[in-house]
Amino acid sequence: MRVKDVKKVVLAYSGGLDTSVILKWLQTTYNCEVVTFTADLGQGEELGPARDKALLLGIKPENIFVDDLRETFVKDFVFPMFRANALYEGMYLLGTSIARPLISQRQIEIAEQVGADAVAHGATGKGNDQVRFELSYYALKPDIKIIAPWREWELTSRTALIAFAEQHQIPIAKDKRGESPFSVDANLLHSSSEGKILEEPWDAPDEMVWQRTVSPVDAPDKVTEITIEFERGDAVGINGERMSPATLLTKLNALGKENGIGRLDLVENRFVGMKSRGCYETPGGTILHTAHRAMESITLDREACHLKDSLMPRYAEIIYNGFWFSPERRMLQALIDESQHSVSGTVRLKLYKGNTIVDGRRSENSLYSMKHVTFEDDQGAYDQFDAQGFIKLNALRLRLGAMAGRKGGAL
């Protein structure tokens, strides 16, 4: 891309060292007008300093956007994903992955609002986030120009970043002058710690890595009992109190934190091809995932449940790889949402030292029939003799195979 090609760019801006350097680098390298966008996704940081720093770096007040997107994040992105019980590689609740399409969506909205012809992000050329951001940008605005500084500049070390910052009078926090022991990404759903001291998969993570949960060892030696109420697959209340999506997840995060719930040390397969090690904390999401599965267990038809579970790994991979705004994700989402019409009711849970234990579930839409399942007299509800024909029909192909000399399923 030639410098003259860009006139105005919307930058995903946190106010930290990296994106502050990117802001100034865009101004000096592309000689373009910069618009900053800072999203409040519940990362737990004060966002006022980001606005102040953007002003200090010469950004016009009307070109500074700081948006509280917490409710949108949970309602329109986290909850739809949790209806699918999505787990990447069987374990990861996709806390970083699900935030990127919302940030990208708002960036494109701002670009159209202010007449920008480009967007920029601070993701590196080794990770998944560059893919997630850019696939979303292109899906929403196919002619958008994208600037990814980490793939273009020569500032390949923290020392070089600090030198650039000092050269251009960019304020540097004292804690940023030393080498950070690991990188952290956070939002209302989770926190992710990666890199540096965490790169050796044999080395156990230091306790300082875990910022959102107490150690299960140190969690209270007593049970916390809660109920979660669901309507059509979404959690709507805790202990009988209705809450907004973001408020509810915040409450579950607090409950998970104090009970040491939601830690995950994972070596995963990145979309770009390499393996990476991440330490994730998803306290509220872990509780919600367990509760939602329990709610489905009594309200979903068997084959609907099994079909949904068979599609879940594909759905999770789609989100992990950055294809939220894709036709296949929308198709799967329609199927998933259709399955949730009857997923309403209450789940009772016990939280104890890192464990989320289902203790009860009930629903007006329950498919669980005590009359049919009882070991006592069912008064004719189920004729056990019917099982003989059921078994024989299912065994027919096995019997024919054995008669042909293929006993025990031999090919």
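Considering all non-hydrogen atoms of both residues, M295 and R362 come closest at CE-O, 3.4 Å. Residue L349 comes nearest to A291 through the heavy atom pair CD1-CB, 3.9 Å, listed as atom of the first residue, atom of the second, then distance. Annotation for G240 and E229: closest pair N-OE1, 3.2 Å, computed over non-hydrogen atoms.
Other residues, nucleotides and ligands place more than 12 heavy atoms under 6.0 Å from the CE atom of M208. No more than 12 heavy atoms of other residues, nucleotides or ligands shown are found within 6.0 angstrom of CD on E154. Environment of NZ in K53: crowded, with over 12 heavy atoms of neighbouring residues, nucleotides or ligands closer than 6.0 Å. Within 6.0 Å of the NZ atom in K257, the count of heavy atoms belonging to other residues, nucleotides or ligands does not exceed 12. Counted within 6.0 Å of NZ on K353, heavy atoms from surrounding residues, nucleotides or ligands total more than 12; the atom is thus considered enclosed. Around CD of E376, the count of heavy atoms belonging to other residues, nucleotides or ligands within 6.0 Å does not exceed 12. Within 6.0 Å of CD on E62 lie more than 12 heavy atoms contributed by other residues, nucleotides or ligands. Other residues, nucleotides and ligands place no more than 12 heavy atoms under 6.0 Å from the CE atom of M331.
With contacts defined as side-chain heavy-atom distances shorter than 4.5 Å, the pair F325/Q105 qualifies. Side-chain atoms of L93 and H190, non-hydrogen and from C-beta on, never get closer than 4.5 Å to each other. In this structure the side chain of V236 never reaches within 4.5 angstrom of the side chain of L248, judged on heavy atoms. A 4.5 Å side-chain heavy-atom check between R361 and Y368 finds every atom pair outside the cut-off. Between V74 and F82, the closest side-chain pair of non-hydrogen atoms is not below 4.5 Å. In this structure, L189 and T282 have side chains that are in contact, with non-hydrogen atoms separated by less than 4.5 Å. Between V21 and W153 the shortest side-chain heavy-atom distance falls below 4.5 Å.
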Q: Check the pair S136 / R100 against side chain to side chain donor-acceptor pair (under 3.5 Å), numbers first and verdict last.
A: CA-CA 8 Å; S136 296; R100 299 324 188 202; over 6 Å; no

Q: Evaluate side chain to side chain contact (heavy atoms under 4.5 Å, CB included) for F37 paired with I103, printing each intermediate quantity in order.
A: CA-CA 9 Å; F37 162 54; I103 294 170; 3.9 Å; yes

(Q) side chain to side chain contact (heavy atoms under 4.5 Å, CB included) for L41 and L69? Distances and angles first, verdict last. (A) CA-CA 6 Å; L41 298 181; L69 300 177; 3.8 Å; yes

Q) E89 and Y320: side chain to side chain donor-acceptor pair (under 3.5 Å), yes or no, with the steps? A) CA-CA 10 Å; E89 297 188 336; Y320 183 87; over 6 Å; no

Q: Could you walk me through whether Y13 and S20 pass side chain to side chain contact (heavy atoms under 4.5 Å, CB included), step by step?
A: CA-CA 7 Å; Y13 181 70; S20 293; 3.1 Å; yes

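Defined by atom type and a distance below 3.5 Å, a donor-acceptor pair is present between the side-chain atoms of S14 and T19. Between T38 and R51, the side chains place no donor N or O within less than 3.5 Å of an acceptor N or O (distance only, hydrogens not considered). Checked by atom type, the side-chain pair D143/Y138 shows no donor-acceptor distance below 3.5 Å.
In this structure, F133 has its ring center closer than 6.0 angstrom to the ring center of H121. Ring centroids of F77 and W324 are separated by less than 6.0 Å, placing the two rings close together.
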